[in-house]
Novice: 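Quick one: the structure is below, questions incoming.
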Amino acid sequence: MSYPLFARSQRNWLWLMAACALPCAASPGLAATVVTLPRVDISTAQEDAALADSLLSASQVDKSSARMSRLSSPDAASLFRNQPGFSSYGGGRLANLPVLNGMADDRVATVVDGVRINPACPNHMNPALSYIDPDSVETATAIAGLTSVSNGGDSLGGTIDVERADPRFARHGKILFTGRARGTYRSNGGGYSAAGSMTVANDTFSLRYNASYDQSEDYSGGGGIGKVGSTEYVRYTHDVTLGIHKKNHLLVLTFGQQDAPREGFANQYMDMTNNRSTYVNGKYVGDFNWGTLEARGHWQRVTHAMNMLDDKGGHSTTKGMPMNDDQRSAGYSIKATIPLARQHTLRLGSSFDHEGLRDWWPPLVGSMMMGPNTFNNINNGHRDRLGHFAEWEAQWTPRVSTLLGLRNDLVMMNTGNVSPYSWTGMMSAADIKAADNFNRINHGRSDVNFDVTALTRWKATDSLTIEAGYARKSRAPNLYERYAWGQGGMSSKMIGWFGDGNGYVGNPNLKSEIGNTASVTFDWHDPTSAQRWELKVQPYYTYVHNYINVNFVKNLSANSNQYIFENHNAQMYGINTSGHYTVWNTSRYGKGEITGVLNWVRGQDKVTHTGLYQQMPLNGTLGLNETVGPWTGRAEMNFVKAKDTVDSLRNEPRTPGYALLNLNGSYNWKMMTLTAGIDNVLNQAYYMPLGGILTYDLKRDGTRMPMPGMGRSFNVSLSATF
């Protein structure tokens with residue numbers, strides 16, 4: 001295995017805000033989507049992809065859409081917008097939760113720099129993608145539906161994987177000094193971002209420093225809706241990466257810290273008043289006579305605090321509701337790739353992930369309801385996962401290839417005894433009884449899960465490729481689904497990442513979810529190397545045994561209920577469609593290309609006979625890209641059908657359909673790039689189908705108003721490289 005990235009580091013790099021899309025060379029999987037972001041040497045990446053020739057090709061990402069996404073939002077989840085099968089939800093603008101083929105949050109394996117990060121919050125305000133800013137992302141991969149076992153277990157819907165760039169090295173005897181800087185302004189909310197990076201390297205050692213800052217006030221909804229409270233945010237991120245390269249061996253160590261002093265969550269009762277993450281990641285990649293070895297290790301500590309920002313009444317020593325979390329995680333992963341013959345490859349791997357969590361709510365001075373003691377929600381809980389896999393890839397003929405993988409995951413969970421705010425008094429009666437019952441039982445639980453993936457790729461003709469397969473995937477419950485014990489109205493309302501104003505109670509007797517998915521992808525494309533056109537259609541069906549849904553417990557108010565997590569059976573089915581067509585490609589008029597994505601999914605609970613919660617209605621994007629010399633532009637229309645199929649058990653709101661027009665363009669000259677765009681050009685009023693409700697409206701007057709989308713925003717970014 002060679003490292004052309006190191007050998008060719010003297011080549012010119014792309015301008016900072018450019019984006020390119022390349023086939024996935026490292027992760028076989030059905031209908032994968034790879035977003036390859038700036039600072040990638042195109043010729044090198046193309047050569048690597050050609051050498052790897054992974055089993056199932058990735059759909060090509062619209063680079064203009066990726067550029068628009070990063071200009072519009074500081075949330076790394078936005079990089080995947082307009083991709084087949086992808087949607088997202090969340091009330092925080094830095095912390096949207098990914099959804100793949102109708103499965104969200106913990107059902108999607110979200111990996112940052114090889115690390116599976118679990119949210120350290122009862123409202124999931126700090127998901128994995130919130131720990132990396134889009135400007136630091138080098139590659140972002142989304143694999144919806146069928147995923148190979150080497151891409152991780154303990155998930156059902158697919159895999160989201162984002163990576164920073166590997167270190168850059170100079171030629172032998174040379175010194176490399178390079179860097180970049182970027183500033184962005186967004187008019188809606190008065191948001192601005194800044195990011196920068198510097199690298200110093202010789203041919204053996206490389207040292208890189210990254211930093212970023214993101215800030216915004218509350219945004220305004222479209223169509224005169226006005227300010228949407230609790231949508232502000234502030235975030236600081238910085239990290240140092242040390243790289244050592246010797247022959248065919250690479251060692252990378254990254255030390256980083258992120259602080260988010262505040263982030264509003266319009267669809268939660270609480271806001272995030274502080275989140276600090278300190279982490280160390282390590283990666284080793286080596287080439288040996290028998291094959292290649294990749295080993296990773298990580299450690300992270302997250303200290304997290306919630307309370308109420310000014311929109312919800314503010315907080316002090318005598319008002320609000322303090323809630324704290326302390327999470328420590330550590331783990332390793334090892335993967336060996338062994339060529340058995342020219343047409344056969346064996347991959348073997350092992351991984352371990354430890355999550356330790358303490359969740360406690362300090363007493364509020366002078367409050368009879370929230371005091372006089374500390375409310376211990378998760379008392380030194382832990383969730384440990386040990387996994388192993390074997391995967392066999394075979395190229396039987398030039399037109400037929402297969403992938404077969406087996407995986408086993410042992411998930412071990414436990415937590416200590418808990419306590420309410422008070423062991424006496426009527427106001428704590430429900431929580432006193434719940435704590436006493438919880439402390440009487442054995443809390444330890446173990447889940448033994450196994451996954452199977454079988455995929456086949458057939459190049460039927462030069463213009464048609466068919467990919468089909470089956471996957472059995474499993475996921476154990478998270479700590480809150482099992483151990484959130486509070487049954488009082490207030491304590492249960494603090495649990496839940498759905499943004500619906502309801503309260504949730506954990507269930508220690510939950511079983512692991514087991515999903516069985518069948519899918520096929522038809523890929524029609526230009527048989528020539530020009531790739532002037534392509535159309536992909538992917539129908540899929542998933543049946544989930546022991547799907548973790550809810551049962552009704554009691555009414556908490558006229559517009560909110562309490563539910564307990566419970567295993568049901570459920571099914572999901574849908575179709576993802578994507579395509580592109582080159583309309584013109586001349587020296588005079590440049591290249592014009594039409595792109596399109598259309599997604600449809602339907603989920604049903606087979607026990608309650610309702611729709612599954614937070615399923616995206618029919619939606620699509622139609623875009624026109626134009627490239628002329630140093631100028632690139634994109635005009636796109638996003639279409640979303642009215643959300644009529646809802647989970648009536650949880651009072652999920654219906655939302656009307658809408659269409660949004662977005663414009664974007666960039667111009668490169670020398671070492672500078674100017675990018676500008678307008679989101680929601682017509683200032684259309686709309687409500688986000690997966691956004692939940694405005695909880696402060698629910699608290700004030702009982703109105704279950706859906707979460708409004710952002711109105712018109714003028715965005716501009718200037719970047720430079722040296």
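Numbers here simply count residues along the sequence, with the first being 1.
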Novice: Over all heavy atoms of both residues, which pair between Val115 and Asn281 is shortest? Give the atoms and the distance, please.
Specialist: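 Looking at all heavy atoms of both residues, the shortest contact is CG2-OD1, 3.7 Å.
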Novice: His298 and Tyr332: aromatic ring centres closer than 6.0 Å?
Specialist: no
Novice: Indicate yes or no for a side-chain donor-acceptor contact from Asn126 to the backbone of Pro119 under 3.5 Å, with no hydrogens or angles considered.
Specialist: no
Novice: With salt bridge (Lys or Arg N to Asp or Glu O under 4.0 Å) as the test, would you mind laying out the steps for Asp353 and Arg383 before giving the verdict?
Specialist: CA-CA 8 Å; Asp353 291 286; Arg383 188 180 192 272; over 6 Å; no
Novice: Walk me through whether Glu232 and Arg93 qualify under salt bridge (Lys or Arg N to Asp or Glu O under 4.0 Å).
Specialist: CA-CA 8 Å; Glu232 61 183 287; Arg93 294 165 65 192; over 6 Å; no
Novice: Quiz question: by atom type and distance under 3.5 Å, do the side chains of His388 and Asn408 form a donor-acceptor pair?
Specialist: no
Novice: Using the side-chain hydrogen bond (donor to acceptor under 3.5 Å, both in side chains) definition, which of the options Asn551, Asn549, Thr608, Asn546 pairs with His568?
Specialist: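 When Asn551, Asn549, Thr608, Asn546 are each tested with His568, the side-chain hydrogen bond (donor to acceptor under 3.5 Å, both in side chains) holds only for Asn551.
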Novice: Could you please spell out the steps behind the side-chain hydrogen bond (donor to acceptor under 3.5 Å, both in side chains) verdict for Asn275 and His304?
Specialist: CA-CA 4 Å; Asn275 192 84; His304 176 75; 2.8 Å; yes
Novice: Could you report the tightest heavy-atom contact between Ile548 and Arg107, atom names first, then the distance?
Specialist: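 Scanning both residues, the minimum pair turns out to be O-NH2, 2.9 Å.
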Novice: Between the side chains of Asn502 and Asp500, does any donor sit under 3.5 Å from an acceptor?
Specialist: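 There is such a pair between these side chains.
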Novice: Would you say the side-chain atoms of Gln562 pair up with the backbone N or O of Leu556, donor to acceptor, closer than 3.5 Å?
Specialist: no
Novice: Looking only at the side chains, is there a donor atom on one of Glu652 and Gln614 sitting less than 3.5 Å from an acceptor on the other?
Specialist: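 Distance-only check fails for Glu652 and Gln614.
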Novice: Verify whether one side chain among His354 and Asp384 offers a donor that lies under 3.5 Å from an acceptor in the other.
Specialist: yes
Novice: Is the NZ or CZ atom of Arg301 both under 6.0 Å from the centre of the six-membered ring of Trp299 and within 45° of that ring's axis?
Specialist: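 Because its charged atom misses either the 6.0 Å distance or the 45° angle limit, Arg301 does not stack over Trp299.
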Novice: So, Arg475 and Glu513, do they make that salt bridge, N to O below 4.0 Å?
Specialist: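 Salt bridge flag = yes for Glu513 with Arg475.
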Novice: Let's go through Lys433 and Asp431 carefully: what are the C-alpha distance in whole Å and the side-chain angles of both, what is the deciding distance for salt bridge (Lys or Arg N to Asp or Glu O under 4.0 Å) to 0.1 Å, and is it a yes or a no?
Specialist: CA-CA 5 Å; Lys433 181 178 179 181; Asp431 287 333; over 6 Å; no
Novice: Suppose we call two aromatic rings close when their centres sit under 6.0 Å apart. Are Phe375 and Trp485 close by that rule?
Specialist: yes
Novice: Could you verify whether a donor N or O on one side chain and an acceptor N or O on the other, from Lys473 and Thr147, lie under 3.5 Å apart?
Specialist: yes
Novice: I'd like to check Tyr480 versus Trp497 (side-chain heavy atoms, cut-off strictly below 4.5 Å). Are they in contact?
Specialist: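 Counting from C-beta outward, Tyr480 and Trp497 do come under 4.5 Å.
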Novice: Any side-chain to backbone donor/acceptor pair from Asp154 onto Ala476? Under 3.5 Å, distance only.
Specialist: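 Judged by distance alone, yes, a pair lies under 3.5 Å.
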Novice: Any heavy-atom pair between the side chains of Arg358 and Asp325 that's under 4.5 Å?
Specialist: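 The answer is no, as the side chains (C-beta and beyond) never meet within the 4.5 Å cut-off.
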Novice: Can you tell whether the side chains of Glu163 and Arg296 come within less than 4.0 Å, N to carboxylate O?
Specialist: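 Counted as a salt bridge, because a side-chain N and a carboxylate O are separated by less than 4.0 Å.
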Novice: Backbone N or O of Ser148 within a donor-acceptor pair of the Arg407 side chain at under 3.5 Å?
Specialist: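 No, because the side chain of Arg407 does not come within donor-acceptor range (under 3.5 Å) of the backbone of Ser148.
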Novice: Please tell me whether Gln257 and Thr278 have a donor and an acceptor in their side chains that are separated by less than 3.5 angstrom.
Specialist: yes
Novice: Is the shortest distance from a Lys or Arg side-chain nitrogen in Lys312 or Asp271 to a carboxylate oxygen in the other one below 4.0 Å?
Specialist: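 Looking at Asp271 together with Lys312, the answer is yes, because their closest N to O distance falls below 4.0 Å.
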Novice: Side chains of Thr610 and Ser648: do they bring a donor and an acceptor to under 3.5 Å?
Specialist: no
Novice: Which atoms form the tightest heavy-atom contact between Leu694 and Pro706, and what is the distance?
Specialist: CG-O, 4.2 Å
Novice: Regarding Asp105 and His124, do their side chains bring together a donor and an acceptor under 3.5 Å, going by distance alone?
Specialist: yes
Novice: Could you grab the distance from atom OG of Ser130 to atom CG of Leu94, nearest 0.5 Å is fine?
Specialist: 7.5 Å
Novice: Applying ring pair (Phe, Tyr, Trp, His ring centres under 6.0 Å) to His545 and Tyr543, what does each step give before you reach the verdict?
Specialist: CA-CA 7 Å; His545 297 275; Tyr543 192 92; 5.1 Å; yes
Novice: Could you tell me which non-hydrogen atom of Pro708 sits nearest to which non-hydrogen atom of Met688, and how far apart they are?
Specialist: O-CE, 3.6 Å
Novice: Minimum heavy-atom separation for Asp311 to Ser230, with atom names?
Specialist: OD2-N, 2.6 Å
Novice: Can a side-chain donor-acceptor contact be found between Thr273 and Asn307 if the only test is distance below 3.5 angstrom?
Specialist: no
Novice: Just by distance, with hydrogens left out, do Thr695 and Gln268 show a side-chain donor and acceptor under 3.5 Å apart?
Specialist: no
Novice: Arg482 side chain to Leu510 main-chain N or O, any donor-acceptor pair under 3.5 Å?
Specialist: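 Here the side-chain-to-backbone pair exists.
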Novice: Check whether Thr415 reaches the backbone of Asn379 with its side chain - one donor and one acceptor, N or O, closer than 3.5 Å.
Specialist: yes
Novice: Start with the C-alpha distance between Ser474 and Asp451, add both sets of side-chain angles, then the distance that settles side-chain hydrogen bond (donor to acceptor under 3.5 Å, both in side chains), and finish with yes or no.
Specialist: CA-CA 6 Å; Ser474 53; Asp451 296 351; 2.8 Å; yes
Novice: Which pair of heavy atoms, one from Val162 and one from Ile132, lies closest together, and at what distance?
Specialist: CG2-CG2, 4.1 Å
Novice: Run the numbers on Arg164 and Asp113 for salt bridge (Lys or Arg N to Asp or Glu O under 4.0 Å), then give the verdict.
Specialist: CA-CA 6 Å; Arg164 291 177 174 87; Asp113 286 337; 2.3 Å; yes
Novice: Run the ring pair (Phe, Tyr, Trp, His ring centres under 6.0 Å) test on Tyr504 and Phe498 for me, step by step, so that the C-alpha distance in whole Å, both residues' side-chain angles and the decisive distance to 0.1 Å come before the verdict.
Specialist: CA-CA 10 Å; Tyr504 292 87; Phe498 313 104; 4.8 Å; yes
Novice: Indicate whether the side chain of Asn561 and that of Tyr563 have a donor and an acceptor atom separated by less than 3.5 Å.
Specialist: yes
Novice: Does one side chain, of Thr542 or Thr517, offer a donor that lies under 3.5 Å from an acceptor on the other?
Specialist: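 Note: Thr542 and Thr517 side chains meet the donor-acceptor criterion.
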Novice: When Arg235 is tested against each of Asp259, Asp75, Asp214 for salt bridge (Lys or Arg N to Asp or Glu O under 4.0 Å), which residue passes?
Specialist: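 Considering Asp259, Asp75, Asp214, a salt bridge (Lys or Arg N to Asp or Glu O under 4.0 Å) with Arg235 is found only for Asp214.
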Novice: Show the numbers, then the answer: is there a side-chain hydrogen bond (donor to acceptor under 3.5 Å, both in side chains) between Ser428 and Ser422?
Specialist: CA-CA 6 Å; Ser428 296; Ser422 172; 4.9 Å; no
Novice: Would you kindly say whether Asp409 and Asn449 are connected by a side-chain donor-acceptor distance under 3.5 Å?
Specialist: no
Novice: Taking atom types as modelled, find out whether Ser419 and Asn376 have a side-chain donor-acceptor pair closer than 3.5 angstrom.
Specialist: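 Looking only at side-chain atoms, Asn376 and Ser419 do form a donor-acceptor pair, the distance falling under 3.5 Å.
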Novice: Side chains of Ser491 and Tyr421: do they bring a donor and an acceptor to under 3.5 Å?
Specialist: no
Novice: Go through the steps to decide whether Asn123 and Met270 satisfy the test side chain to side chain contact (heavy atoms under 4.5 Å, CB included), and finish with yes or no.
Specialist: CA-CA 9 Å; Asn123 300 150; Met270 309 299 293; 4.2 Å; yes
Novice: Is the terminal nitrogen or CZ of Arg472 (NZ for Lys, CZ for Arg) located under 6.0 angstrom from the six-membered ring centre of Phe450 and within 45° of that ring's axis?
Specialist: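 Yes, Arg472 lies over the aromatic ring of Phe450.
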